[in-house]
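Only one structure is covered here, and it is reproduced in the block below.
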Amino acid sequence: MRAIEDLPGPEPLPWVGNFHQMDPARMHRAMETWSEQFGPLFRFRIGTRVVVGVADPVAIGVIFRDRPNGFRKPELLESVFEELGLGGVFSANGEAWRTQRKVVMAAFDTRHLKSYFPALSRVIGRFYNRWSLHAAREEPFDLQADLMRFTVDVVAGLAFGVDFNTIESDGETIQTHLNHVFPMLNRRLSAPFKYWRWLKLPADRALDRHMAIVQQEVRALISQARERLAADPALRSSPTNLLEAMLVELAAPGDELNDRILVGNALTMLLAGEDTTANTLVWLIHFASGHPVVMQRLAEEADTALGEAHFAERLEVAAALDFTAATAQETMRLKPVAPVMLVQANEPKVIGDVAIPRGTIIATLMRPGSLDARYFDRPQSFEPERWLDVPGADAPAAARERIAMPFGAGPRICPGRNLALLEIKLVTSMLFRNFQIVHLGTLDGAPIDERLSFTMAPSPLRITLARRSSGTGRVRETRAS
Ligand code: HEM
């Protein structure tokens with residue numbers, strides 16, 4: 001049995017450890033490079049904290065399934081989230097997590113998704129109108145920013161029962177403020193010490209201002225939900241959204257702690273549901289635009305599933321989009337938007353042949369397994385078909401899902417995954433049914449790059465769309481870069 005000190009890893013400096021080698025925006029790449037250099041189990045240091053890197057997907061699966069008892073979210077993560085008023089199901093541990101998780105799962109179940117579909121279809125309809133305008137003008141637009149309007153509107157509708165309609169507003173939106181949160185979370189989680197408790201830098205003061213605005217908006221939503229429940233007591237036995245369910249299950253009026261939990265969870269939903277889905281869609285569109293055959297198949301599938309419609313008006317359409325779903329899986333295999341996840345051992349553990357003392361922080365690397373030729377043929381190549389269970393395929397898709405785990409695994413698996421996949425299907429089918437990509441590229445023409453800001457985003461991309469030459473199922477040759 002090895003001890004952590006016996007593990008290989010990059011040489012740390014006194015005090016800062018390996019912090020100097022970890023640019024926050026490329027931290028995941030630094031860890032992935034170490035796993036290539038030192039193997040699937042290695043160690044490094046952030047400040048004086050020792051972190052064990054785990055890149056073996058089988059070991060990661062075991063760790064993830066051993067929650068919440070064996071492993072927890074790190075104390076540092078929990079306190080950073082708490083301090084910002086973001087404490088909720090994502091950061092909570094133990095009993096608090098169990099209670100919150102139950103409420104969240106109920107609000108995201110298939111029954112709620114089904115009854116939410118008409119509202120969701122309205123949102124995709126508005127999004128179709130927005131992209132029709134862009135296409136009519138053949139003007140380039142910021143792809144990420146547009147997709148985040150879509151994802152925020154969807155989450156707000158489902159989780160809070162409100163129609164933000166940021167898609168049709170061109171002014172300042174809640175995203176403007178949310179967008180400042182992720183990079184700062186990242187910065188604080190990777191800081192060698194909690195500097196902001198002693199000295200607030202301009203970015204920390206800006207973060208406080210943005211947080212104050214979103215908190216105020218969320219508190220207003222909670223008050224409205226409280227009023228709805230007071231006006232219609234029947235809602236208490238069948239709440240129509242997450243906010244109402246949380247008020248029924250978690251809140252005792254006037255209880256400050258529970259108020260914090262409500263606000264924290266509402267913000268958690270906005271944050272967890274915005275960038276993740278939007279960035280996955282950006283990566284998907286990026287890959288498709290570079291693979292004309294995939295793009296054509298997506299268009300043909302959308303034509304067949306949607307018929308005369310421009311976008312999905314019925315939930316059943318989603319069930320007919322298998323190739324689109326496979327394209328999403330393949331995108332997430334190559335570009336998991338959460339490429340590194342942190343856990344902390346609650347008790348002494350053994351990972352592989354290494355003894356892990358209680359309290360050790362583990363960084364799980366989600367991508368190395370997905371790029372391992374033992375699990376995926378031609379692992380670097382973008383091949384959505386590998387996710388379709390076709391006769392003669394090397395392994396069933398279900399087995400591969402245990403290696404590529406973009407939504408995590410075990411009891412803390414992403415509760416928004418069905419919603420996310422539905423959103424991805426709706427946007428992808430709407431895009432390829434109606435439009436062709438005239439150009440897609442970075443602002444400065446440089447190759448697309450990965451930037452970690454809590455989730456892994458591509459460099460900002462601008463896209464130009466044109467209306468597709470009608471009904472043939474063919475996509476005009478693209479000039480996408
Ligand atoms: C493509 C889109 C998405 C991806 C790739 C993604 C990925 C993830 C991952 C990797 C985790 C950690 C799972 C684990 O610890 O095992 C997670 C957790 C979570 N996600 Fe997602 N997610 C996506 C969309 C969403 C959406 C749309 C929502 C809700 C609106 C959401 C809400 C959450 C929440 C609340 C958690 C914390 C769950 C817990 O700790 O119990 N996610 N997600």
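This is a predicted model, so every value here is computed, not measured. Just so you know, ligand 1 is whichever comes first in the structure, and atom 1 is the first atom listed for that ligand.
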key: Close-contact set for ligand 1 against Gly408 heavy atoms, below 4.0 Å   = 10 (C), 13 (C), 14 (C), 16 (O)
message = Does the residue Val337 have a heavy-atom contact with ligand 1, meaning some pair of atoms that are separated by less than 4.0 Å?
response = yes
ask   = Does a side-chain N-to-carboxylate-O contact under 4.0 Å join Lys349 and Asp66?
value = yes
remark   = Taking only non-hydrogen atoms of Gly273 and a 4.0 Å limit, the atoms of ligand 1 in range are 26 (C), 27 (C), 28 (C), 30 (C)
ask   = Identify the closest protein heavy atom to atom 34 (C) of ligand 1: which residue and atom is it, and at what distance?
value = Pro415 CD, 3.4 Å
request  = Could you tell me if any non-hydrogen atom of Arg67 lies under 4.0 Å from any atom of ligand 1?
outcome  = yes
Atom indices of ligand 1, in the order listed, that fall short of 4.0 Å to a heavy atom of Ala420 = 1 (C), 2 (C), 24 (C)
ask   = Does the N or O separation between Gly416 and ligand 1 drop below 3.5 Å for any pair?
value = no
request  = Classify the ring geometry between His286 and Trp283 as parallel (under 30°), tilted (30 to 60°) or perpendicular (over 60°).
outcome  = perpendicular
message = Within ligand 1, which atoms have a heavy atom of Trp97 less than 4.0 Å away?
response = 39 (C), 40 (O), 41 (O)
ask   = For ligand 1, which atoms, with element, lie under 4.0 Å from some heavy atom of Phe108?
value = 29 (C), 30 (C)
task = Please state which part of Met341 comes within less than 4.0 Å of ligand 1, counting heavy atoms only: side chain, backbone, both or neither.
result = side chain
request  = Under 4.0 Å, heavy atoms only, figure out whether ligand 1 is touched by the backbone of Ala409, its side chain, both or neither.
outcome  = backbone
query = Does Val89 approach ligand 1 within less than 4.0 angstrom via side chain, backbone, both or neither, non-hydrogen atoms only?
reply = both
message = Any nitrogen or oxygen of Thr277, side chain or backbone, less than 3.5 Å from one on ligand 1?
response = no
request  = Report yes or no: does Gly410 have a heavy atom closer than 4.0 Å to ligand 1?
outcome  = no
task = Please work out whether the ring planes of Phe44 and Trp34 are parallel, tilted or perpendicular, with thresholds of 30° and 60°.
result = tilted
message = Regarding ligand 1, does Thr276 bring an N or O atom to under 3.5 Å of one of the ligand's N or O atoms?
response = no
Side-chain ion pair, Arg26 and Glu450, N-O less than 4.0 Å = no
message = Can a side-chain donor-acceptor contact be found between Asp449 and Ser459 if the only test is distance below 3.5 angstrom?
response = no
task = Considering the heavy atoms of Met269, write down every atom of ligand 1 situated less than 4.0 Å from one of them.
result = 30 (C), 35 (C)
key: side-chain contact (heavy atoms from CB on, under 4.5 Å) between Leu86 and Glu82, worked out   = CA-CA 5 Å; Leu86 292 171; Glu82 276 293 333; over 6 Å; no
ask   = Between Arg386 and Asp377, is the closest basic N to carboxylate O distance under 4.0 Å?
value = no
ask   = How are the rings of His310 and Tyr128 set to each other: parallel, tilted or perpendicular (split at 30° and 60°)?
value = parallel
